[in-house]
Each structure stands twice: as structure tokens, then as C-alpha cells.
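As C-alpha cells, the structure follows; a few thoughts come after it.
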Amino acid sequence: MDHHDEDDAHLSSQIVEEEDLLFDDGPSEQPSLDETTGNADIDKITAQHSDIDETLRVRLAGPSTSKVNYHALQRLFTFIEFLINYYFPIQAGMDSVDKAKVNEIIYEVSKGSSFFENERKKDNAVTGRINALLSKYERIKNDVLSEEFIIVDNMIEELEDERDLNQCIVHIDMDAFYASVEELDQPHLKTVPMVSFAFQAVGGIGMLCTSNYEARKFGVRSAMPGYIALKLCPQLKIVPLNFSKYREASAKVRSVFEQYDPHYCPMSLDEAYLNITEHLKTTNKSPPEVVVEIRDKIFKETLLTASAGIAANKMLAKMCTDVNKPNGQFYLKSELADIQEFINPLSIRKIPGVGRVTERVLNALNVNTCKDIYPQRAMLYKLLSDISFKFLLRAHLGIGSTSVDSEYVRKSISVERTFRSLSSRTDLYFKLKDIAQKLAKDLESKNLCGKTLGLKIKLTSFEVRTRAKTLPGNIYKQEDLEKYASQLLEKELPVSLRLMGIRLSSLCSRDEIDQKGVKRVGICTIF
DNA sequence: ATACATACC
DNA sequence: AACTGGTATGTAT
């Protein structure tokens, strides 16, 4: 899409605006899925899911009543729960969405769709992973693990050295950004459910890019396919995306950031981190007072509201933004006790980097809130990789990076397209040429070349495959991209595809290489 | 190095 | 019927 072309560096990727966690699924909403024990208890399961549509239950139960099928039944319910939480994460007590209706929509929408079947496959794979972890867990759960506790506690001491409580980091996030910009021009949209769509690639309406707060009341959210949104809310007003307007608004917002931290780090059009430590030295105002001032200026400039979090590091600041959204802010004092008090009760899902899958895995290990990480630390140390474990430990301790820096080094660049099912050789190679052309254009404008070429294909079944090849030298020309990508594609034929993409990594600037594709100034010059 | 999965906006 | 695109990074082999 051409609206990306003028975007700066990594920000060009913003299509879907941030998903506001308005409707948090609290831990109480989560069914205590029996992967957590590995033992299927069908009575318990059916009791937990008694609200699920009767016909669905009958259908899923199938003709057989064997134990194996009970297990399959359990898995399917888990999956349905997953889908419901995915699309309609409505808080308990929110009656704006009729739960039975939601289930029905899910069922209607799911049946017979390749997407659904593929999601189920992925979900089963996660269950397999969880079960493998759980059998490991079973073996060690009664061990004292005193050595592990010692190791972990030493680790904690080391991590504490990383802690820096002397910076004041602010995370700012515009409220329903694209939708709010649209409402500026068309104020009547404020009171009706409204969304913007994009990507009409495969027909239909496409994917939802943003939704206003009225639409969210119906469970309509960004990154939802249009036809589901319309089923949820038939009166939904659809407006086209106007990326240049969002960029314009974003520029005004950024000019405010600039005044408080010239090194502010934009994460997308509607979101940024600021380090206001230096600014605080120039004023008598407290951190929250400064942030009120920033948000006031943003409002005066754009008539748009923003939410903010203020804390000792980026992770905490981001988590704080969520607390009083929309149009609010939260200040977490840089005191150990305050940080612990803030972190402990939060669901692990609130940790940036913990998504739906990781949440499920951790829940299975009886880790539901950040507080749970500590008593389980020796077990988690044994079960998780060093990287994952340290990541969790840092989150639990509230330790995070304080570096706010707009510098950015790109590591890869890619173009991918979704289309109506294609399987003939001619069509596929034509599409490949198209994509290579676009990538070559992007490489040109960014003055880049690279030597690892990757091909990504998504079959009509939604199965995704990636193939890559590291070449002897750097490439950037369309013909070269096309040539090597074709070689990778050739091996996959025959296939019926819905998506194709080309990625180039191991990048370097074109200025740094000579005609042979060899770097002039390489790592070797250091030695 | 490659493949695949997860996460973020 | 119908479920995006761009980038980074972790995990496994």
C-alpha cells in the first residue's frame, strides 16, 4: 500500500493501531482449563462451559462417547473459549454483548472455515507443548529444588544491579487514534459505532484497522475481519482509512513530544516513549503534572486525547498507561515497594511480550499473576529457557530498560500480499514478480541490500511455510530477488496459495559494498 | 543457518 | 464465503 512509502523507518509497519485492553479478561473469566492438570475431567469441563450453545455441544460431542473423544471434546471447548476470548474479550458483568449470541456468531462464523481449522491445529500444538511441559513438571513438582532456589536468588541479585530508579519514563498512547481522527472531521460519528477497514485483498470488506469506543461496546475491535464485525454490529458505520490524515495528526503530537524529550522514541503513529528526566530539572512540576501538561498540549494541538503511564522504566510505563485509559494517566512512583505493589496483582498477560499463548502456558504452570512468579521461581527456572526465565524474573521484579532512543537499525525488510487462491504456475510467478518489484522499490528508497532471501507462502489451508537462502553476496535488484525467490518457490510446487511474501535480511547499506556485493567496511576491519 | 511460532502495533 | 502487513525475536533443529 502506497500510504506506507513515506513513512519513516520502522513506523511504516503500523497498520492496525494499538489494541486497547479495555475489556480485560480477568483471571476469574478464564476457565480453569484442564490442561493445567493434564487430567481431563469431563463433568467439570461441561459444567464450566454449560453456557456454550447446546447444538454446538451436541455437534462437538459427536457420535462416540469413548475416552479419546472426551479428550477431543475438551480440546474443542478449550479452542472455542480461546476464540471467544480472542474476539470478544468482554469483562464479566458487561452486558452490552449477549454471551449466547456471541457463541452463536462464533459457531456460525467458524464452521467450515479453513481459518478455523488451522487455528484449531495451532491450538492443539500449543496443548501438546503444554502437556510436554506438564509432564516435566510432574516429575519435579515434589522436589525441594533447594539448589535451584539458590541459583535463582543469585540471579535476582544480579538482575537487581540492572535496576535504575533514577529515570522518569513516560509512555503515551493516543486513544482510539484513527477513529478519533475520523471523528474530528465527522463529529456525528462519535455517537455511532464506527470502524475503518483496510486490506480488501480477498474480497468482502477486509480487516478492521480501528474502532471507536461505541463500536467496542459491541465487541468490535481492531484486527477483526469485517464480516465478523458486521455480524456483531450490523449498524456499524464503515469509513475508509485516511493514512495521510493520521500522519498529519501524528506529526502534531510528535512536535509536543519533541519539546519534552528530543530523543523521544515513537513506536507507531499513535504511541511513543519519552524520558522526561532532564525536562524535570527545568521545572518545579512533578512528573504527573508535566504529563498532564503534555496531554493538554496534545489536546490543544489536535483536539485528540491521549493516555499515559509514568514510571521508572519502559515496561512499567507501558503497563501504567493501561490503568486509566482512555484519556487518563497513571504515575507509579520509583520506590521498590510501590513497584512491587503495582506489579504483583497484575495478570501475567499485562506484561508486554506475554501474549495469548504464553499466558496459556504459564497458566498451566499455575502462574496467573505476576506475584505467582516468585514462589514458582525454582520450578520455572527448571522448565523454561534461560532467556524466557530471566524475562519473567525481570517482569516480576519490575526491572526494565530505561533507554529511550530514536536511533533504529533495521534488520530485515519484506513485502507480502494476500490474494484470492492462486495455484497455476503462471499466476504464482506473476505474483512473485509483483512482490519482488515492490521490495526492490523499498530497497531502493532505503538504499539497502542484503544477502539472506526468504520466501513466505500461506497455503489456502492457512498453513504457513517459510524458506530461506543465504547468498554469497548482497542483492537488491528486482531480477535477483525474483530469481532466488523463484528457486525457493519452485521446490514447493504444486501449491494453492492465499499469500506470498519476500523478505531480505542480513542487510547493509548499498554505499558500503562494491559491485561484487562485498562489504567494503566489514567486521574484519575491527580486528 | 533454517524453519516455525509468538508478539507487537 | 470471508481472518492483514511489517518487523523483531525466541525456540528448535
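The figures here come from the full heavy-atom set of this structure, side chains too, leaving out hydrogens, waters and symmetry mates. Fair warning: this is a prediction, and the values are worked out from it, not measured in the lab.
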Item to complete: In whole angstrom, give the distance that lies between atom CZ of A:Phe197 and atom P of C:dC3.
Response: 13 Å
Worksheet item: Below 4.0 angstrom from OP1 or OP2 of B:dA3, is there any side-chain N or O of A:Thr466?
Response: no
Discussion item. Please determine whether a side-chain nitrogen or oxygen atom of A:Ser412 lies at a distance below 4.0 Å from atom OP1 or OP2 of C:dA8.
Written reply: yes
Fill in: Proximal nucleotide (of C:dA8, C:dC3, B:dA5) relative to the A:Lys411 side chain
C:dA8
Worksheet item: For A:Leu384 and B:dT6, what is the distance between atoms CG and C1' respectively, to the nearest whole Å?
Response: 15 Å
Fill in: Distance in angstrom units between A:Arg356 CZ and B:dT6 P, rounded
12 Å
Fill in: A:Arg465, nearest nucleotide to its side chain (from C:dA8, B:dA7, B:dC4)
B:dC4
Discussion item. Measuring from the side chain of A:Ile413 (C-beta onward, heavy atoms only), which nucleotide among C:dA2, C:dT7, C:dT4 has the closest atom?
Written reply: C:dT7
Worksheet entry | Side-chain N or O of A:Ser114 closer than 4.0 Å to phosphate OP1/OP2 of C:dC3 | no
Item to complete: Figure out the CD/P separation between A:Glu416 and C:dG5, and round it to whole Å.
Response: 6 Å
Discussion item. Is the terminal nitrogen or CZ of A:Arg498 (NZ for Lys, CZ for Arg) located under 6.0 angstrom from the six-membered ring centre of A:Phe419 and within 45° of that ring's axis?
Written reply: no
Worksheet item: A:Met207 has an atom CE; how far is it from atom C1' of C:dG6, in whole Å?
Response: 14 Å
Worksheet item: Base, sugar-phosphate, or nothing: which does A:Lys122 touch, judged by heavy atoms less than 4.0 Å apart?
Response: nothing
Worksheet item: Does A:Thr358 have a side-chain nitrogen or oxygen under 4.0 Å from the phosphate oxygens OP1 or OP2 of B:dT6?
Response: no
Fill in: Closest heavy-atom pair and its distance - A:Ile399, A:Asn313
C-ND2, 3.7 Å
Discussion item. Check the phosphate of C:dG5 against A:Arg503, side-chain N and O only, distance under 4.0 Å to OP1 or OP2. Yes or no?
Written reply: no
Discussion item. Between A:His171 and A:Ile169, is there a side-chain heavy-atom distance shorter than 4.5 Å?
Written reply: no
Item to complete: Examine C:dG10: is either OP1 or OP2 under 4.0 Å from a nitrogen or oxygen in the side chain of A:Arg129? Give yes or no.
Response: no
Item to complete: With P as the reference atom in both, quote the distance from C:dA2 to B:dA7 in angstrom, rounded to an integer.
Response: 26 Å
Worksheet item: To the nearest angstrom, how far is A:Phe116 atom CZ from C:dA2 atom P?
Response: 14 Å
Worksheet item: Among B:dA3, B:dC9, C:dC3, which nucleotide sits nearest the side chain of A:Arg498?
Response: C:dC3
Practice prompt. Could you check how far CD1 of A:Ile228 sits from C1' of C:dC3, rounded to whole Å?
Written response: 7 Å
Worksheet entry | Among C:dA2, B:dC9, C:dA8, the one nearest A:Tyr408 by side-chain distance | C:dA8
Worksheet item: Within the structure shown, what part of the strands sits under 4.0 Å from A:Val361 by heavy-atom distance: base, sugar-phosphate, or nothing?
Response: nothing
Discussion item. Please give the distance between the P atoms of C:dC3 and B:dC8 as a whole number of Å.
Written reply: 23 Å
Worksheet, complete the sentence: Among C:dT4, B:dC9, C:dT11, the one nearest any side-chain atom of A:Lys318 is B:dC9
Item to complete: Kindly point out which of B:dA7, B:dT2, C:dG6 is positioned nearest to the side chain of A:Ala468?
Response: B:dT2
Practice prompt. Describe, in one word, how the ring planes of A:Phe115 and A:Phe462 are oriented to each other, choosing from parallel (under 30°), tilted (30 to 60°) and perpendicular (over 60°).
Written response: perpendicular
Worksheet item: Starting at the 5' end of DNA chain C, which residue's closest nucleotide do you reach first, A:Ile387 or A:Phe462?
Response: A:Phe462
Worksheet item: Among all residues two or more places apart in sequence or in another chain, which pass the salt bridge (Lys or Arg N to Asp or Glu O under 4.0 Å) test with A:Lys433?
Response: A:Glu482
Discussion item. Students often get this wrong, so: under 4.0 angstrom with heavy atoms, is A:Arg467 touching a base, only sugar-phosphate, or nothing?
Written reply: sugar-phosphate
Worksheet entry | Closest nucleotide among B:dA1, C:dG5, C:dA2 to the A:Thr470 side chain | B:dA1
Discussion item. Determine whether A:Leu453 and A:Ile502 satisfy the following criterion, side chain to side chain contact (heavy atoms under 4.5 Å, CB included), listing intermediate values before the conclusion.
Written reply: CA-CA 7 Å; A:Leu453 183 127; A:Ile502 306 179; 4.1 Å; yes
Practice prompt. Could you pull out all residues at least two apart from A:Lys431 that satisfy salt bridge (Lys or Arg N to Asp or Glu O under 4.0 Å)?
Written response: none
Response to the item:
Taken to the nearest whole Å, CD1/A:Ile130 to P/B:dA5 is 15 Å
Discussion item. Reading DNA chain C from 5' onward, which residue's closest nucleotide shows up sooner: A:Val409 or A:Asp386?
Written reply: A:Val409
